[in-house]
Amino acid sequence: MTGRFFDAWAVGDRIEHPIRRTVTETDNLLFSCMTHNPQPLHLDAEAARASEFGQILVNGTFTFALMVGLSVGETTLGTLVANLGYDAVVMPKPVFIGDTLHATSAVLETRPSRSRPGAGIVTFAHELINQRGEVVCKCTRSALIAGTPA
């Protein structure tokens, strides 16, 4: 399924995204290095072992990006004009290497665009959930979505 056009969304719509992703050490290492994040909890197995977590923590910005990426196929793929913002990003549980994650999305609000006739803004609540059923990341995302082509 591809993304939906604006007029196909309604408040209360809910999606269980089908793609699951197991986080690897390489994912965490490459993302941390690409973003110049030298946090020892992400890169140093000995420092991480000595922490309260006892193991490497997956970079939180990778976790956030994965959550949004897992949602795209069923929300905005091919219909997005622009992401307008992300709000209320929280990470209530840590993510560890080897965790398998999946995402859900729910529509909180829809409103027609004032500047683009036919298009509209959809506000999504995204959640990322691990294999134990724990929410590890959540946020709201406002997206400007095209209207159905004439």
Trainee: Would the number of heavy atoms belonging to other residues, nucleotides or ligands and lying under 6.0 Å from CZ of Arg114 be above 12?
Mentor: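 Check fails, neighbour count at 12 or below.
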
Trainee: Got a sec: does the CG of Leu30 have more than 12 other heavy atoms crowding it under 6.0 Å?
Mentor: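 Yes, the 6.0 Å shell around CG holds more than 12 heavy atoms from other groups.
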
Trainee: Would you say the side-chain atoms of Glu127 pair up with the backbone N or O of Thr104, donor to acceptor, closer than 3.5 Å?
Mentor: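 Such a contact is absent between Glu127 side chain and Thr104 backbone.
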
Trainee: Please check this pair: side chain of Gln39 against backbone of Leu41, looking for a donor-acceptor N/O pair closer than 3.5 Å.
Mentor: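 Present.
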
Trainee: Using a 4.5 Å cut-off on heavy atoms from C-beta on, say whether the side chain of Thr123 contacts that of Val107.
Mentor: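 No. Closest side-chain heavy atoms not under 4.5 Å.
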
Trainee: Give a yes or no on whether the backbone of Asp27 and the side-chain of Thr24 come within a donor-acceptor separation of less than 3.5 Å.
Mentor: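 Confirmed, Thr24 side chain pairs with Asp27 backbone.
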
Trainee: With a 3.5 Å distance limit and no angle check, can you tell me whether Asp99 reaches the backbone of Asn130 through a side-chain donor-acceptor pair?
Mentor: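 Checking the backbone N and O of Asn130 against the side chain of Asp99, no donor-acceptor pair under 3.5 Å is found.
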
Trainee: Could you tell me whether Glu25 atom CD has more than 12 heavy atoms of other residues or ligands within 6.0 Å of it?
Mentor: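 Count not over threshold, so no.
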
Trainee: When you measure from the side chain of Ser32 to the backbone N and O of Leu29, does any donor-acceptor pair fall under 3.5 Å?
Mentor: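 No.
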
Trainee: Hey, are Arg49 and Asp44 close enough for a salt bridge, meaning a charged N less than 4.0 Å from a carboxylate O?
Mentor: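 Salt bridge between Arg49 and Asp44, a charged N being under 4.0 Å from a carboxylate O: no.
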
Trainee: May I have the step-by-step check of salt bridge (Lys or Arg N to Asp or Glu O under 4.0 Å) for Arg4 and Asp13, ending in yes or no?
Mentor: CA-CA 11 Å; Arg4 296 184 205 171; Asp13 286 350; 3.0 Å; yes

Trainee: State, yes or no, whether a side-chain contact exists between Ile15 and Phe124 at a heavy-atom distance under 4.5 Å.
Mentor: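 Side-chain contact under 4.5 Å: no.
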
Trainee: If you measure only the distance, is there a donor-acceptor pair under 3.5 Å linking the side chains of Thr61 and Asn59?
Mentor: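 Asn59 and Thr61 do have a side-chain donor-acceptor pair below 3.5 Å.
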
Trainee: Under 30°, 30 to 60°, or over 60°: which ring-plane class applies to His126 and His17, parallel, tilted or perpendicular?
Mentor: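 Because their plane-to-plane angle lies in the 30° to 60° range, the rings of His126 and His17 count as tilted.
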
Trainee: Quick check: closest heavy atoms across Val81 and Ile145, and the distance to 0.1 Å?
Mentor: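 Residues Val81 and Ile145, closest heavy atoms: CG2-C, 4.1 Å.
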
Trainee: Indicate yes or no for a side-chain donor-acceptor contact from Thr140 to the backbone of Asp87 under 3.5 Å, with no hydrogens or angles considered.
Mentor: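 A pair under 3.5 Å: yes.
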
Trainee: Would you find more than 12 non-hydrogen atoms of other residues, nucleotides or ligands less than 6.0 Å from Arg21 atom CZ?
Mentor: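 Yes.
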
